[in-house]
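Throughout, protein chains are lettered first and strands after them, A, B, ... in sequence-line order, and every chain is numbered starting at 1.
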Amino acid sequence: MADLQQRTRFEPAEVEPRILARWLESGFVHPEPAGTAGENFSIAIPPPNVTGALHMGHALNCTIQDALVRINRMRGRRAKWILGTDHAGIATQRQVEKLLESEGTSRAEIGREQFVQRVWEWREKYGGQIIEQFKRLGATCDYEDERFTLDAQYVEAVLKVFVDLYEQGLIYRDNYMVNWDPGLRSAISELEVEEREGVVDTLYSIAYPLASGDGEVVVATVRPETMLADTAVAVHPDDERYALLVGQEVVLPLVGRRLPLIADDYVKSDFGTGALKITPGHDPNDFEIGRRHGLDEIGVIGEDGLMTAAAGERYAGLTALQARDRVVADLEQLEAIRGREPYVHTVPFSQRSGERIEPLISLQWFMRMDELARPAIDAVRCGHVQIHPDSQSRRYIDWLENIRPWCISRQLWWGHQIPVWYRGDETYVGATAPEGEGWEQDPDVLDTWFSSALWPFATLGWPESTRELQAFYPTDVLSTGRDILFLWVARMVMMGLRFAEDIPFHHVYVHSIIQAPDGRRMSKSLGTGIDPLALVEGGPRPPVYASSSRAPGDFPAYGADAVRFGLLAMSSTQDVRFSEEKVQQGQALANKLYNATRFVVLRVGDHAAAAPQPRTVEDRWILSRLQAIKGDTQARVDGFDFAKAALGLYDFIYGELCDWYLEIVKPRLAQDADPDDRATLGATLLHVLRETLATAHPVIPFVTEELWGLLPGTDGQLATSSLPAPDSTLSDPAAELAMGRAIDAVRQLRGWRDFVGVRPGAIVPALLQAEGYERTADRVGALARFAFRPATAAGADAGEVATIGVPGGSVAVLESADVDVGAAERRLQERRTTLRKEIERAQKKLCNEGFVAKAPAAVVEAERVKLERLRSELEAV
RNA sequence: GGGCGCGUAGCUCAGUGGGAGAGCGCUCGCUUCACACGCGAGAGGUCGCAGGUUCGAAACCCGCCGCGCCCA
């Protein structure tokens, strides 16, 4: 932006890459590990999947974290934004499997060692592009110190935690019900399970004869094939229909096994016949019931999705679906089917493979969580870890109070292989392989969340006692979406307390989820997602983002500042819909700031030094308002109220600074104006602008950095400059009062002009007959284009053609060619009507005994003052 | 089934006891010498519905309707 004179628009596409390069070159993103975590500021980024591409959630979270990091860096704290990526077991493995498929080979064919090698190669080539995208948003992560959850040092931390927890008895191997993904042939975590609503199945009613031969019990199921694994029938303990039967046995058709009839609260009496077949081997709820009642757990569906030998010769080897058909047919033969009806319900599917989850029991590694959960609950209860908004604390605590063992093994090849070796009946657990021949390592890897749980301290070098750990742990803030509060945040608290001997962060900020304009989630497959960089640099606008004013097509290149501003302005404590208008507002703000700076720089000249040197009421006013916006913005960012921070800056810059202050002082900058005043005004303008840029920097870093460089007398980068604190000696309530009144008066006068149809350029002669304008009358006149004549004793009233009410009195309009007297009269009538109505209202209120007696005195007094004001205005007009 | 949240201007959202707000959109006016990504002025709302508490409710309480999310 060399030619300030000519360029009237801020051009982010030209400016932002240049500024970014300068930031990265200067190296401030990497703080030296010195001092204590209490003095320093740190945030650990939620590590994006190494396969990841930037989505709106990343962009929002990036902006939030960057605003926090920047504001604290400007406070002079060593600010470290811990950066890295997650190896993301399943997602990454799938990517490479797909690649192999396209090459006509497969994971099984090339073998484990080769495969893992290929994943590393893939990661080298494609991994971490998301980090480049973070840069484009202006995120000042510590790019010089990037971590990966499979770095050697990180692996060491993971293995140590596993071994320690094993030795402490918290990690164990057990047969347990897992979410089995038949497509991946692995257990998957709850996070990767998607509940699909509206799945239509057939609900079969099947008769199980009583062993006594005396009747039957009818049960309902959508999965008849699982009956082969039934080990009980359950009813509700209060269900009178079955009260006498509990304790008896039924005979399982096709199999002949005798099943006890048990009573359990879980059963809903009003569903079907009130009797529930219990299949502990293939249903999570039945599994729980089974464990409560000590039932056998039979598995008839194998990990390959085929029926096992336990299903019996007739069914073994069939797929579950084939088995279902055969079971139904066989039951029909027995005349055991009592009914079938369509049944709509919710069914778990794997997000990864898209296949229906097959709940089954398998031998897995588990982690006992109750002992770890207790201190993590206390940390939040006592406020050591504060969750914002606070409503999320309860979700966190509820979840931890009802926590279950965590299945930490995954049947994958990409990840931290479980550090357990087997030889015959022997088991060895240790960070390195045992001595001796014939040991074989457990083939499974750990759930990705196991390693993520160590993120805030493993990235800083734990288990070594490093300088980094000293300087940056615990971190200050963790910012994340609600969806991983349990899967990640809670686990980090547990692991941090257990292993790093302190909470991992003081504050957790749970940010909004940004939805598509139609309220659906943003998703590639739905066509509702947008690439944040398409907003920054221009790119496709999907159809759902079109509106009456916006055709589908391409987004203009709004720039990173606009996107950051827009995202923060949109954000809230709840989910919000994406609004392009807010991004546009950010763009407008950047442009406004640019032009305001241009104006000041071109008028003030290079020699001026920035300093607050107020001479007039408007100078005192803007300095006073500046103190307010500095304080408000800092408090809002610190309080995680990012929307108010962003919009507050907009209001100050657009409204108070540009619309009012710059407009008012324009005449004082004219060529023929008083040079002394010009000089002090220049100093004040520069001061206000500098502090405004610094205050806005954490939200819109690029434009503020660029403009900082254009201001005379600045040296160094804004990003590493100090944040200006509010100066109470510059707060001036009297100036705010006077200017507030003046602004209201200008609005009244402009509204009147418009209504009466005064020619836009015309200067209206008038008398200002109002109090409180001693210091502002000429400003009001200039902005509203009124020429206030001194009130002469005689002859003045003669020419009065209209009266306009303003705070503190009125303006008497004198006769002139530009004023349509008839319109003015209509305007006056309108105003009188409004005033009478309002007076009536106020009177009524004050006559209300209840109000006068019970409302706070200040409120009553305010009402009286208001009534007085209205009356005097009515009198004046 | 349990829990949490939401319903305010055409759209996206602020406002959480004392005269309904912002941005965008819309209408009218303005080549006002920083900015037409601009300036100025307007129109537009029975604050989901029905009760209650209160001198006073968009806000607090109860119920209903609609929408969303989480857990089961």
> Considering residues, nucleotides and ligands other than A:Arg404, do more than 12 of their heavy atoms fall under 6.0 Å from its CZ?
Replying inline: no
> Does A:Glu401 CD have over 12 foreign heavy atoms under 6.0 Å away?
Replying inline: yes
With the side chain of [X] defined as its heavy atoms from C-beta on, choose the nearest nucleotide among [options].
| X | options | answer |
| --- | --- | --- |
| A:Arg785 | B:rU32, B:rC70, B:rC55 | B:rU32 |
| A:Glu838 | B:rC55, B:rA41, B:rG19 | B:rG19 |
| A:Asn848 | B:rC37, B:rC55, B:rG23 | B:rC55 |
| A:Arg394 | B:rG18, B:rG29, B:rG3 | B:rG3 |
| A:Ser579 | B:rU12, B:rC35, B:rG18 | B:rU12 |
| A:Lys582 | B:rC35, B:rU12, B:rG18 | B:rU12 |
| A:Asp659 | B:rG40, B:rC13, B:rG18 | B:rG40 |
| A:Lys592 | B:rG19, B:rC35, B:rC37 | B:rC35 |
| A:Arg395 | B:rG38, B:rC70, B:rU32 | B:rC70 |
| A:Gln584 | B:rC24, B:rG18, B:rA36 | B:rC24 |

To the nearest Å, how far apart are [X] [atom1] and [N] [atom2]?
| X | N | atom1 | atom2 | result |
| --- | --- | --- | --- | --- |
| A:Ile513 | B:rC4 | CD1 | C1' | 14 Å |
| A:Lys854 | B:rG56 | NZ | P | 8 Å |
| A:Gln748 | B:rA41 | CD | C1' | 12 Å |
| A:Leu783 | B:rA41 | CG | P | 11 Å |

Between [X] and [Y] (salt bridge meaning N to carboxylate O under 4.0 Å), is one present in this structure?
| X | Y | value |
| --- | --- | --- |
| A:Glu838 | A:Lys866 | no |
| A:Arg541 | A:Glu580 | yes |
| A:Arg625 | A:Asp632 | no |
| A:Asp201 | A:Arg223 | no |
| A:Arg7 | A:Glu11 | yes |

Can you tell me how far [atom1] in [N] sits from the matching atom in [M], rounded to whole Å?
| N | M | atom1 | result |
| --- | --- | --- | --- |
| B:rC39 | B:rU31 | C1' | 12 Å |
| B:rA59 | B:rU16 | C1' | 4 Å |
| B:rG3 | B:rG17 | C1' | 28 Å |
| B:rA50 | B:rG42 | C1' | 36 Å |
| B:rU54 | B:rC61 | C1' | 12 Å |
| B:rG15 | B:rC26 | C1' | 24 Å |
| B:rC11 | B:rG56 | P | 33 Å |
| B:rC69 | B:rG29 | C1' | 47 Å |

Looking only at side-chain N and O atoms, does [X] come under 4.0 Å of OP1 or OP2 in [N]?
| X | N | answer |
| --- | --- | --- |
| A:Arg841 | B:rG19 | no |
| A:Tyr654 | B:rG38 | yes |
| A:Arg753 | B:rA41 | no |
| A:Ser572 | B:rA14 | yes |

Regarding [X], tell me which of base, sugar-phosphate or nothing describes its non-hydrogen contacts under 4.0 Å with the strands shown.
| X | value |
| --- | --- |
| A:Val576 | sugar-phosphate |
| A:Pro856 | base |
| A:Thr8 | sugar-phosphate |

> Side chain of A:Glu863, base of B:rG19: donor and acceptor closer than 3.5 Å?
Replying inline: no
> Hey, is the side chain of A:Arg869 pairing donor to acceptor with the base of B:rG19 inside 3.5 Å?
Replying inline: yes
> Taking for each residue the nucleotide of RNA chain B bearing the nearest heavy atom, is the 5' side occupied by A:Glu663 or by A:Phe486?
Replying inline: A:Glu663
>> Pick the closest RNA chain B nucleotide for A:Leu657 and for A:Lys845 by heavy atoms, then say which residue is nearer the 5' end.
In response: A:Lys845
